[in-house]
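The basis for the numbers below is simple: all heavy atoms, side chains too, and nothing from hydrogens, waters or symmetry mates. In listed order, ligands and their atoms are each counted from 1.
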Amino acid sequence: MYVCLCRGITDNQIRKAVQAGKTEFRQLKQSLEVGAQCGKCVRMTMEIIAAELDKM
Ligand code: FES
């Protein structure tokens, strides 16, 4: 599903980036540009990061 509508970023893209070592929001913003526009997706992105880190 789309998490960031402004940049067209899906939850799967975010999960894969976290699994690849981008475990901080700042890193995801730099690489995927998630949250780089309106910012409405930041909270959900943080929840996905936390969920992925729990699985590790
Ligand atoms: Fe992600 Fe707007 S929805 S920056």
Side-chain angles (χ1 to χ4, degrees):
M1 84 183 155
Y2 282 103
V3 173
C4 180
L5 295 177
C6 294
R7 301 294 173 152
I9 309 296
T10 65
D11 60 329
N12 280 337
Q13 287 174 278
I14 294 167
R15 286 182 217 286
K16 284 180 185 164
V18 174
Q19 288 163 10
K22 292 182 170 57
T23 56
E24 294 180 21
F25 178 79
R26 168 179 58 84
Q27 295 171 303
L28 293 172
K29 187 175 180 181
Q30 283 177 348
S31 61
L32 297 177
E33 295 194 341
V34 63
Q37 205 163 323
C38 76
K40 287 182 181 170
C41 56
V42 173
R43 185 173 166 195
M44 186 173 283
T45 301
M46 298 294 281
E47 289 173 2
I48 293 170
I49 293 170
E52 281 307 302
L53 290 176
D54 275 351
K55 291 184 198 171
M56 294 175 152

With the side chain counted from C-beta on, respond yes when R15 and N12 share a heavy-atom pair under 4.5 Å apart, and no when they do not.
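In short, these two side chains touch, coming nearer than 4.5 Å.
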
Of the non-hydrogen atoms in [X] and [Y], which two are nearest, and what is the gap between them?
X	Y	answer
M56	Q19	CE-CA, 3.6 Å
L28	T45	CD1-CG2, 4.0 Å
G35	C4	N-SG, 3.8 Å

Metal site atom 1 (Fe) of ligand 1, protein N/O/S atoms found under 2.8 Å:
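Counting protein N, O and S atoms closer than 2.8 Å to atom 1 (Fe) of ligand 1 gives 2.
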
Using the test side chain to side chain contact (heavy atoms under 4.5 Å, CB included), find all partners of A36 that sit at least two apart in sequence or belong to another chain.
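Residues passing side chain to side chain contact (heavy atoms under 4.5 Å, CB included) with A36: R7, K29, E33.
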
Donor-acceptor pair, E52 side chain versus I49 backbone, under 3.5 Å?
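Side chain of E52 to backbone of I49: no pair is present.
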
